[in-house]
Amino acid sequence: MTSIAKFPVIAASLLCATAAWPADFEVKRSLELPSSTPKVWNLIGDFCDIDDWHPNVTRCSLKAVDGSLVRVLTTDAGDEVTQKRIAREEGLSYTYKTVSSSLPIEKFTATLSVQPGENLLVEWIANFSSDDPAMERVVVDDIERGLSAIEGILTSR
């Protein structure tokens, strides 16, 4: 009888502990362009050229840390974000993870890629965890602003 009486207390504590775990999010956005892969990749493919095309990034500095490429971004709000490139497919994609940021986000990993076809597809996929569900909207807005800027630059050329 004692073990049965303890079950609700154990179950309640597990439920509370589970509620504190970060939620997992995936944000996937894409842009279709009537443009060539090299033209688009020349704009977005360099890991630290993001300050040339993303409206939220005012500065990017690049350094090598333990043999990996790391970029330090300064945002238009004055925040600093450090990201490490963890994979690259020359001319097609790069994947990076956030090492430090002021946002309440953990395990942020994203891939920016171009996929040739009848029309070129630019795709940006981000995966992350956060206790704050509002962070999904923050990431969506950031990615959508970046893709809109890419489209604007390429259509004005």
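In this view, Gln115 and Glu123 satisfy the side chain to side chain donor-acceptor pair (under 3.5 Å) rule, not counting sequence neighbours. Scored by the side chain to side chain contact (heavy atoms under 4.5 Å, CB included) test, Glu32 finds Asn119 as partners (sequence neighbours excluded). With sequence neighbours excluded, no residue forms a side chain to side chain donor-acceptor pair (under 3.5 Å) with Trp41. Residues satisfying the side chain to side chain contact (heavy atoms under 4.5 Å, CB included) test with Arg29, not counting sequence neighbours, are Val27, Val140, Ile143, Glu144, Leu147.
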Can Val122 and Leu33 be said to form a side chain to side chain contact (heavy atoms under 4.5 Å, CB included), step by step? CA-CA 8 Å; Val122 179; Leu33 294 167; 3.9 Å; yes
In sequence, state the C-alpha distance, the side-chain angles, and the governing distance for Ser129 and Asp24, and then conclude on side chain to side chain donor-acceptor pair (under 3.5 Å). CA-CA 4 Å; Ser129 296; Asp24 291 322; 2.5 Å; yes
Quick one: do Tyr94 and Leu112 satisfy side chain to side chain contact (heavy atoms under 4.5 Å, CB included)? Show the steps, please. CA-CA 6 Å; Tyr94 64 78; Leu112 181 61; 3.6 Å; yes
Run Phe25 and Val139 through side chain to side chain contact (heavy atoms under 4.5 Å, CB included) and show every step you take. CA-CA 10 Å; Phe25 297 95; Val139 173; over 6 Å; no
Can Leu154 and Val40 be said to form a side chain to side chain contact (heavy atoms under 4.5 Å, CB included), step by step? CA-CA 8 Å; Leu154 291 171; Val40 175; 3.5 Å; yes
Test side chain to side chain donor-acceptor pair (under 3.5 Å) applied to Thr82 and Ser100, step by step: CA-CA 5 Å; Thr82 303; Ser100 67; 3.2 Å; yes
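Smallest separation of non-hydrogen atoms from Ile153 and Ser156: O-OG, 2.9 Å. In terms of heavy-atom proximity, Ser113 sits nearest to Ser93 at CB-CB, 3.5 Å. The minimum heavy-atom distance between His54 and Trp124, with the atom names listed, is CD2-CH2, 3.7 Å. Between Phe128 and Ile105, the shortest heavy-atom distance links the atoms CB-CG2, 3.6 Å. Taking every heavy atom of both residues into account, Gly91 and Thr37 meet most closely at O-CG2, 3.6 Å. Across Thr98 and Ser101, no two heavy atoms sit closer than the pair CG2-CB, 3.8 Å.
A salt bridge between Arg137 and Asp141 is present, with a side-chain N of the basic residue lying under 4.0 Å from a carboxylate O of the acidic one.
By the 4.5 Å heavy-atom criterion applied to side chains, Leu43 and Ile150 are counted as neighbours. Taking 4.5 Å as the limit, some side-chain heavy atom of Val72 sits within range of a side-chain heavy atom of Lys63. Using a 4.5 Å heavy-atom threshold, the side chains of Leu69 and Leu62 count as touching. Counting heavy atoms from C-beta outward, Val114 and Leu121 have side chains that stay 4.5 Å or more apart. Side-chain contact between Leu92 and Pro116 is present, with at least one heavy-atom pair separated by less than 4.5 Å.
Heavy-atom neighbours of Arg59 CZ from other residues, nucleotides or ligands within 6.0 Å: at or below the threshold of 12. In the displayed structure, Glu118 atom CD is contacted under 6.0 Å by at most 12 heavy atoms of other residues, nucleotides or ligands.
Atom-to-atom distance recorded for Ser68:OG and Ile86:CD1 is 9.5 Å, nearest 0.5 angstrom. With rounding to the nearest 0.5 Å, the separation of CD in Gln83 from OG1 in Thr95 is 12.0 Å. Here the straight-line distance linking atom CD1 of Ile50 with atom OG1 of Thr58 works out to 11.0 Å at 0.5 Å rounding. Separating the CG atom in Asp142 from the CE atom in Met135 is a distance of 11.5 Å, to the nearest 0.5 Å. The line from OG of Ser148 to CG of Leu31 is 7.5 Å long, rounded to the nearest 0.5 Å.
Note on ring orientation: taking the six-membered ring where Trp is involved, the planes of Tyr96 and Phe108 are tilted (angle from 30° to 60°).
In this structure, Leu103 is a member of the same hydrophobic cluster as Leu73, with clusters built from ILVMFWY side-chain heavy atoms closer than 4.5 Å.
Checked by atom type, the side-chain pair Thr75/Asn56 shows no donor-acceptor distance below 3.5 Å.
Listed by first then second residue, pairs satisfying salt bridge (Lys or Arg N to Asp or Glu O under 4.0 Å) with a partner in residues 84-105 read Arg88-Glu90, not counting sequence neighbours. The disulfide (SG to SG under 2.5 Å) pairs that include a residue from residues 52-149 are Cys48-Cys60, where partners are two or more places apart or lie in different chains.
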